[in-house]
Amino acid sequence: QVQLVESGGGLVQPGGSLRLSCAASGSIFSINTMAWYRQAPGKQRELVATITGRGSTNYVDSVKGRFTISRDSAKNTVYLQMNSLKPEDTAVYYCNADIVIIGLRLSNYWGQGTQVTVSS
């Protein structure tokens, strides 16, 4: 059993910053790609950022230069540092991870989501 738990969401004014965290726990052998998605009301869930097991990162164009994804492999944790936040960043942010569980089987997992609201 694997669980992803997000934290760090909240209310922030435009131009402000937040750091999201996602910690994985359970029968984990290793974690490959980790990612952050977001979903705004009435919108489809979109991929925001990814980070591979080797540290390569990718971002959706709308957050490039503002968001940074990173990971601490020793803690099985991925972070999303969000700077210069805009109202259009308002969404529920979800952690996602490709995890090799005990027995060497790759599976994909989702966290429960954390609300980020950017408003003045």
Side-chain angles (χ1 to χ4, degrees):
Q1 184 177 7
V2 172
Q3 182 174 254
L4 302 180
V5 179
E6 301 103 330
S7 62
L11 175 65
V12 64
Q13 294 184 342
S17 298
L18 287 173
R19 191 178 81 152
L20 306 183
S21 299
C22 172
S25 61
S27 302
I28 298 170
F29 178 80
S30 65
I31 301 177
N32 294 340
T33 299
M34 303 186 80
W36 288 97
Y37 289 75
R38 66 186 180 186
Q39 188 166 23
K43 302 292 185 179
Q44 294 185 356
R45 188 171 298 185
E46 69 169 345
L47 179 62
V48 177
T50 63
I51 183 166
T52 70
R54 296 179 62 86
S56 297
T57 60
N58 285 284
Y59 302 89
V60 68
D61 286 345
S62 61
V63 308
K64 288 181 179 177
R66 300 189 298 120
F67 291 9
T68 302
I69 187 171
S70 61
R71 65 192 293 165
D72 185 338
S73 295
K75 298 180 179 179
N76 290 331
T77 299
V78 63
Y79 305 94
L80 186 67
Q81 178 67 46
M82 304 185 293
N83 299 325
S84 301
L85 283 162
K86 305 174 181 179
E88 50 262 46
D89 295 318
T90 296
V92 177
Y93 284 71
Y94 296 91
C95 178
N96 180 270
D98 291 322
I99 298 175
V100 180
I101 63 175
I102 302 300
L104 302 179
R105 181 165 185 164
L106 179 67
S107 298
N108 185 260
Y109 296 89
W110 289 95
Q112 294 296 311
T114 185
Q115 177 71 49
V116 172
T117 302
V118 185
S119 177
S120 60

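Heavy atoms only: backbone and side chains are in, while hydrogens, waters and symmetry mates are out. Residue numbers count from 1 along this sequence.
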Interatomic distance, Lys86 atom NZ to Ser62 atom OG [nearest 0.5 angstrom]: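 With rounding to 0.5 Å, NZ (Lys86) is 8.0 Å from OG (Ser62).
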Any chance you could measure Ile102, atom CD1, to Phe29, atom CZ, to the nearest 0.5 Å?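 Separation between the atoms: 7.0 Å.
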Who are the side-chain contact (heavy atoms from CB on, under 4.5 Å) partners of Thr114, not counting sequence neighbours?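 Checked Thr114 against side-chain contact (heavy atoms from CB on, under 4.5 Å); matches are Glu6, Leu20, Tyr93.
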ILVMFWY cluster membership beyond Tyr79 - transitive side-chain contacts under 4.5 angstrom: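 None, because no other hydrophobic side chain comes under 4.5 Å of this residue.
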Give me the other members of the hydrophobic cluster that Val5 sits in, counting Ile, Leu, Val, Met, Phe, Trp and Tyr linked by side-chain heavy atoms under 4.5 Å, directly or via other members. none
Would the distance check show the side chain of Asn96 and the main-chain N or O of Tyr109 forming a donor-acceptor pair, the cut-off being under 3.5 Å?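 Yes.
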Applied to residues 68-82, the salt bridge (Lys or Arg N to Asp or Glu O under 4.0 Å) test, sequence neighbours excluded, yields none
Among residues two or more places apart or on two chains, list those pairs meeting salt bridge (Lys or Arg N to Asp or Glu O under 4.0 Å) that have a residue in residues 27-44. Arg38-Glu46, Arg38-Asp89
For Gln44, is the CD atom crowded, meaning more than 12 foreign heavy atoms sit under 6.0 Å from it?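 Count not over threshold, so no.
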Within 6.0 Å of CD in Gln112, more than 12 heavy atoms from elsewhere: no
Distance-minimising heavy-atom pair for Gly9 and Val116: CA-CG2, 4.2 Å
Do any pairs count as a disulfide bond (SG atoms under 2.5 Å apart) and have a residue in residues 9-120, sequence neighbours left out, and if so which ones? Cys22-Cys95
Result of checking Thr68, Ile51, Thr52 against Thr57 for side chain to side chain contact (heavy atoms under 4.5 Å, CB included):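 Considering Thr68, Ile51, Thr52, a side chain to side chain contact (heavy atoms under 4.5 Å, CB included) with Thr57 is found only for Ile51.
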